[in-house]
Amino acid sequence: MFKAPRGTQDILPAEQPYWQLARDKIREVSSLYGFRRIDPPLFEETGLFVRGVGETTDIVEKEMYTFKDKGGESLTLLPEGTASFMRAYLEHGMQVLPQPVKLYSTLPLFRYERPQAGRFRQHYQFNAEAIGEAHPAVDAEIIALAWSLYSSLGLKGLKLQLNSIGDSRCRPGYNKLLTTYLREHQKRLAKTDRERLSRNPLRVLDSKESASQKVIAQAPKSVEHLCEDCAAHFAGLREYLGLMGISYTLNHRLVRGLDYYTRTVFEFWAAGIGAQNAVGGGGRYDGLAKLLGGKDTPGVGFGLGLERIILAMQQQKISPPPDPGPQVYLLYHGAAAQNEAIRLAEKLRGAGIRAGVSMGGRSLKAQMKQADREGVKFALILGEKEIEKSTVTAHIMQTGEEFTVAQGQLLNWLSDRLFRR
RNA sequence: GUGAGCGUGGCCGAGGGGUUUAAGGCACCUGGUUGUGGCCCAGGAGAUCGCGGGUUCGAAUCCCGCCGCUCACCCCA
């Protein structure tokens, strides 16, 4: 038997109400904040990610779904959204639009990872990106959008983690400082962190190794070594967040694994959904456009994993509005009645009534049972008697009462009961 | 890529070498109603016990390998 590939899942009808609610709120809140939808292709030239995300990142080194098409071109299923947004911005000359250009999308993303709670090889991510403006108020607006999306979904108790990691001017200096410090205390670091130190010292900061915690706690903090502009930007952002009443935790250990981040980085954390507790995250990427060969263009954005927010919703017992099921179900007795039932069902659907018809010619009892399982308000019975007199028997499921209704009157009869009050 | 736990009908789940021709529950089908649901009763269908190999007179049960699932690490949403 075939199974869904590892790390992928079927989103079954029973789960769909959560997804529907999430998508509805995403649309609503995005437009509230002036973001417009864009849908990039689901694969891009491989080079876009190699250059944009960074050659030494985990994504590029081991997580991309890369393949050659029949023309011999190397393509990659999107492992993240931001590079595509920026590519589209540059490709379509969006610098002539009023800046910043605010875009959003919900995309399936693909990363070859070991699945675990809240992590998949294909996952859906909502992205909101504001490109073309470096002012910290834009960072604040993105964070506010995220915050308001969470609260519109009813999520409570999320924690916003905030940090600034500087830019191309001040980060190299900080990096050196951090490396020197960590080298001095190498002996007190876990061995995986010692290895990490030589590859990417910033990553040591968010290590979960218990042995390293004391050293990390005393490590120099990036926010204390920002250049003047970065410091001003960060101060500005904090002021706007305060202004908007958004509370946050300064997290000196928050670094993110993609190379393009500059200055602002942030994550939203949820409790109770497993080790992968970040339900959203993002930051500023002022260097990305240039990496992609475009004109220097600032940008800031964020991504939110739909699977993870749905986990959080379930964990917090938030129930979405249920799917509307059929309102009526047609049963029949006899072959002539079957034709009539099918015809009538179409007529009802044409009038906006969600109607199901029994199929397969089973006993009336079995059909009635099915009507019950479908959760309809009315079972409409057609048999010899009804055909002869052009009526239907309307059976009210809740009470068991039955009415004989002329077929010509059925639409009115149902409308009265389904659409009033 | 690494580590740990786990794989028994559609779902949950008992059984841990021989009366197992594998319990029980949910769901499904049929009947108890000649044209009628939810409750009840009776009956029925549905499992090569993840796959392959080994040990044994005998394996769902023990051993090995593989595959898969889950959780965790790395890292991310």
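Per chain, numbering begins at 1; letters A, B, ... match sequence-line order. These figures come from a predicted structure and were not determined experimentally.
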Student: Check whether any side-chain nitrogen or oxygen of A/Gln116 sits under 4.0 Å from OP1 or OP2 of B/A72, and answer yes or no.
Tutor: yes

Student: How far does the P atom of B/A60 sit from the matching atom of B/G3, given to the nearest Å?
Tutor: 30 Å

Student: So A/Leu306 and A/Thr106, do their side chains get closer than 4.5 Å, heavy atoms only?
Tutor: yes

Student: Taking atom C1' in both B/G10 and B/G37, what distance in whole Å separates the two?
Tutor: 23 Å

Student: Taking atom P in both B/G58 and B/G54, what distance in whole Å separates the two?
Tutor: 12 Å

Student: In terms of the nearest nucleotide of RNA chain B, which residue is placed more toward the 5' end: A/Ser363 or A/Gly400?
Tutor: A/Ser363

Student: Pick out the pairs of N or O atoms, protein on one side and nucleotides 25-28 of chain B on the other, that lie under 3.5 Å.
Tutor:
{"unit_1": "B/A27", "atom_1": "O3'", "unit_2": "A/Arg373", "atom_2": "NH1", "d": "2.7"}
{"unit_1": "B/C28", "atom_1": "OP1", "unit_2": "A/Arg373", "atom_2": "NH1", "d": "2.0"}

Student: Measuring from the side chain of A/Ala275 (C-beta onward, heavy atoms only), which nucleotide among B/A77, B/A72, B/C75 has the closest atom?
Tutor: B/A72

Student: Within less than 4.0 Å of OP1 or OP2 of B/G35, is there a side-chain N or O belonging to A/Gln367?
Tutor: no

Student: Salt bridge or not for A/Lys62 and A/Asp58, using N-O below 4.0 Å?
Tutor: yes

Student: Please determine whether side chain to side chain contact (heavy atoms under 4.5 Å, CB included) holds for the pair A/Ile143 and A/Phe302, giving the CA-CA distance in whole Å, both sets of side-chain angles, and the decisive distance to 0.1 Å.
Tutor: CA-CA 8 Å; A/Ile143 290 172; A/Phe302 116 106; over 6 Å; no

Student: Compute whether any side-chain donor of one residue and acceptor of the other, for A/Thr192 and A/Glu209, lie under 3.5 angstrom apart.
Tutor: yes

Student: Given atom CD of A/Glu113 and atom P of B/C73, what is their separation to the nearest angstrom?
Tutor: 12 Å

Student: Could you measure between the two P atoms, the one in B/U70 and the one in B/G31, and give it in whole Å?
Tutor: 41 Å

Student: Run the salt bridge (Lys or Arg N to Asp or Glu O under 4.0 Å) test against A/Arg188 and tell me which residues pass, sequence neighbours left out.
Tutor: none

Student: Return the nearest nucleotide to the side chain of A/Arg114; candidates are B/C75, B/U36, B/C71.
Tutor: B/C71

Student: Output the rounded distance in Å from CZ (A/Arg6) to C1' (B/U70).
Tutor: 10 Å

Student: Taking the same atom, C1', in B/U8 and in B/A22, what whole-Å distance lies between them?
Tutor: 8 Å

Student: Measuring from A/Ser84:OG to A/Glu44:CD, what's the distance to the nearest 0.5 Å?
Tutor: 3.5 Å

Student: Nearest to the A/Lys365 side chain among B/C73, B/G37, B/G35, which nucleotide is it?
Tutor: B/G37

Student: Name the pairs: protein N/O against N/O of nucleotides 46-48 of chain B, kept only if under 3.5 Å.
Tutor:
none

Student: Could you give the distance separating B/G38 and B/U21 at their C1' atoms, to the nearest angstrom?
Tutor: 37 Å

Student: Report the nucleotide, chosen from B/U30, B/U36, B/C71, that has the shortest atom-to-atom distance to any side-chain atom of A/Thr393.
Tutor: B/U36

Student: Answer with base, sugar-phosphate or nothing: what part of the nucleic acid does A/Leu331 contact at a heavy-atom distance below 4.0 Å?
Tutor: nothing

Student: List in chain and number order the residues that pass side-chain contact (heavy atoms from CB on, under 4.5 Å) with A/Glu113, two or more places apart in sequence or in another chain; answer none if no residue qualifies.
Tutor: A/Glu63, A/Arg111, A/Arg119

Student: What does A/Glu402 touch in the nucleic acid at a heavy-atom separation under 4.0 angstrom: a base, only the sugar-phosphate, or nothing?
Tutor: base

Student: Indicate, with a heavy-atom threshold strictly under 4.0 Å, whether A/Phe120 touches base, sugar-phosphate, or nothing.
Tutor: base

Student: Does A/Ala371 reach a base, just sugar-phosphate, or nothing at all? Heavy atoms under 4.0 Å.
Tutor: nothing

Student: If you check every side-chain atom of A/Met397, which of B/G37, B/A77, B/U30 has the closest atom?
Tutor: B/G37

Student: Do the side chain of A/Glu374 and the base of B/G37 come within less than 3.5 angstrom through a donor-acceptor pair of N or O atoms?
Tutor: no

Student: So which heavy atom on A/Phe120 is nearest to which on A/Gly7, and how close?
Tutor: CB-O, 3.2 Å

Student: Heavy-atom count check: over 12 atoms from other residues, nucleotides or ligands less than 6.0 Å from A/Arg36 CZ?
Tutor: no

Student: Check the distance between B/C39's C1' and A/Met368's CE and give it to me in whole angstrom.
Tutor: 16 Å

Student: NA contact type, A/Gly274, heavy-atom cut-off 4.0 Å: base, sugar-phosphate, or nothing?
Tutor: sugar-phosphate

Student: Rounded to the Å, how far apart are A/Arg308 CZ and B/C71 P?
Tutor: 12 Å

Student: Show, in sequence, the C-alpha distance, side-chain angles and deciding distance for A/Asp193 and A/Arg196, and conclude whether the salt bridge (Lys or Arg N to Asp or Glu O under 4.0 Å) test is met.
Tutor: CA-CA 5 Å; A/Asp193 286 327; A/Arg196 223 170 283 174; 3.2 Å; yes

Student: In terms of the nearest nucleotide of RNA chain B, which residue is placed more toward the 5' end: A/Arg121 or A/Ala4?
Tutor: A/Ala4

Student: Check the distance between B/A77's P and A/Ile310's CD1 and give it to me in whole angstrom.
Tutor: 17 Å

Student: Can you tell me the distance, in whole Å, between the CD1 atom of A/Ile396 and the P atom of B/G38?
Tutor: 18 Å

Student: Test of understanding: with salt bridge (Lys or Arg N to Asp or Glu O under 4.0 Å), list the residues that count as partners of A/Glu388, not counting sequence neighbours.
Tutor: none

Student: Can you name the one residue among A/Arg256, A/Gln161, A/Lys159 that meets side chain to side chain donor-acceptor pair (under 3.5 Å) with A/Glu267?
Tutor: A/Arg256

Student: State yes or no: are the ring centers of A/Tyr329 and A/His395 separated by less than 6.0 Å?
Tutor: no

Student: Can you check whether A/Lys208 has a side-chain N or O nearer than 4.0 Å to OP1 or OP2 of B/C73?
Tutor: yes

Student: Please step through side chain to side chain contact (heavy atoms under 4.5 Å, CB included) for the pair A/Leu418 and A/Phe378, ending with a clear verdict.
Tutor: CA-CA 10 Å; A/Leu418 289 170; A/Phe378 303 103; 3.7 Å; yes

Student: Tell me: CG of A/Asp372 to P of B/G37, nearest whole Å?
Tutor: 10 Å

Student: Would you call A/Asp206 and A/Arg253 a salt bridge, taking side-chain N to carboxylate O under 4.0 Å as the test?
Tutor: no

Student: Say we look at B/C63 and B/G5: how far apart would their P atoms be, to the nearest angstrom?
Tutor: 13 Å

Student: Check the geometry between A/His395 and B/G37 and answer yes if their rings are stacked (centres below 5.5 Å, planes below 30°), otherwise no.
Tutor: no

Student: Output the rounded distance in Å from CD (A/Gln398) to C1' (B/G37).
Tutor: 13 Å

Student: How would RNA chain B look in dot-bracket form, 5' to 3', counting Watson-Crick and G-U wobble pairs with both distances under 3.5 Å and writing | for bases paired to another strand?
Tutor: ((((((((.[[[..)..(.....]]].(((((.......))))).....[[[[[..)....]]]]])))))))....

Student: Between B/G24 and B/U33, how far apart are the P atoms? Round to whole Å, please.
Tutor: 27 Å

Student: Categorize A/Glu386 for me: base, sugar-phosphate, or nothing, with a 4.0 angstrom heavy-atom threshold over every strand shown.
Tutor: base

